[in-house]
Amino acid sequence: MIKRVDAWWLREKFNADGYWERAQQGTLTAIVKKENHPAPKRSRQPECTRSQYVVYLDADGAAVAGVHQYLRPDGTLGGSGRPDPKTLACGDVQYRVKVD
């Protein structure tokens, strides 16, 4: 089942459940699915920043989260400094950001 939620709710859930931290620790695998270089000018990121869509996979290879991020040339993330979740899978429910 797909459930549309507000972006703030999805960010709170993503952060509370530690998806990014688990990817950094290696318990989730991060796979870049789409990348644009350079990032759009409207993003106001440093030159050579990459706009990426990344999927996080669990140990079984199931997608548990999808995020957008700006990867700067120095390896840090732009914007808030954290990935911006767009989808989360929790059990049988896939949460997605509401499209206005």
Side-chain angles (χ1 to χ4, degrees):
M1 169 173 63
I2 295 172
K3 184 171 182 179
R4 298 282 179 179
V5 295
D6 291 319
W8 64 266
W9 186 93
L10 201 63
R11 286 186 197 109
E12 288 289 323
K13 178 79 171 149
F14 179 84
N15 292 332
D17 290 352
Y19 285 92
W20 188 38
E21 291 77 10
R22 291 189 291 166
Q24 291 175 313
Q25 295 164 357
T27 58
L28 295 177
T29 302
I31 305 292
V32 177
K33 288 292 194 173
K34 186 176 180 184
E35 183 173 66
N36 291 318
H37 178 260
K41 287 194 182 289
R42 71 182 183 283
S43 69
R44 298 196 292 232
Q45 296 298 315
E47 189 174 339
C48 287
T49 295
R50 297 175 180 274
S51 174
Q52 298 178 321
Y53 186 78
V54 179
V55 175
Y56 295 169
L57 307 175
D58 66 13
D60 296 324
V64 294
V67 302
H68 174 265
Q69 63 188 27
Y70 289 114
L71 181 62
R72 294 177 171 167
D74 67 1
T76 63
L77 296 184
S80 69
R82 296 183 60 88
D84 187 17
K86 302 301 178 187
T87 65
L88 288 180
C90 299
D92 293 336
V93 180
Q94 186 175 90
Y95 296 99
R96 294 184 184 175
V97 173
K98 283 182 187 175
V99 178
D100 294 330

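Here the structure is a predicted model, which is why all the values come from computation and not from measurement.
- Hydrophobic clustering, with ILVMFWY side chains joined whenever heavy atoms are under 4.5 angstrom apart, groups Tyr19 together with Leu77.
- Taking SG of Cys48 as the reference point, atom CZ of Arg72 lies at 13.5 Å (rounded to 0.5 Å).
- The CD1 atom of Ile2 sits 3.5 Å away from atom CZ of Arg96, with the distance rounded to the nearest 0.5 Å.
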If you look only at distance, which donor and acceptor atoms sit under 3.5 Å apart when one is on a side chain in residues 26-35 and the other is two or more places apart or in another chain?
residue	atom	partner	partner atom	Å
Thr27	OG1	Arg22	O	3.1
Glu35	OE1	Arg50	NH1	3.4
Glu35	OE2	Gln52	NE2	2.6

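- Aromatic ring orientation, Trp9 versus Tyr95: tilted (interplanar angle from 30° to 60°).
- Taking CG of Leu71 as the start and CD of Gln45 as the end, the distance is 10.0 Å to the nearest 0.5 Å.
- The structure places OG1 of Thr87 at 13.5 Å from NE2 of His68, a figure rounded to the nearest 0.5 Å.
- Between Leu88 and Ala65, the shortest heavy-atom distance links the atoms CD2-CB, 3.6 Å.
- With a 4.5 Å cut-off on side-chain heavy atoms, Pro85 and Lys13 do not count as touching.
- Under a hydrophobic-cluster definition in which Ile, Leu, Val, Met, Phe, Trp and Tyr are linked whenever side-chain heavy atoms come within less than 4.5 Å, directly or via other members, Val5 and Phe14 are assigned to the same cluster.
- Linking ILVMFWY side-chain heavy atoms closer than 4.5 Å, directly or via other members, places Trp20 and Tyr53 in two distinct hydrophobic clusters.
- The shortest heavy-atom contact between Ala89 and Ala63 is CB-O, 3.6 Å.
- Linking Ile, Leu, Val, Met, Phe, Trp and Tyr residues whenever their side-chain heavy atoms come within less than 4.5 Å leaves Val67 and Val55 in two separate clusters.
- The hydrophobic clustering, which links ILVMFWY residues whose side-chain heavy atoms are closer than 4.5 Å, places Tyr56 and Val93 together.
- Screening residues 75-85 for side-chain hydrogen bond (donor to acceptor under 3.5 Å, both in side chains), with sequence neighbours left out, gives Arg11-Asp84, Asn15-Arg82, Glu21-Arg82, Asp74-Thr76, Asp84-Lys86.
- The line from CZ of Arg4 to CD of Gln94 is 9.0 Å long, rounded to the nearest 0.5 Å.
- Of all non-hydrogen atoms in Ala7 and Val97, the two that sit nearest each other are CB-CG1, 4.2 Å.
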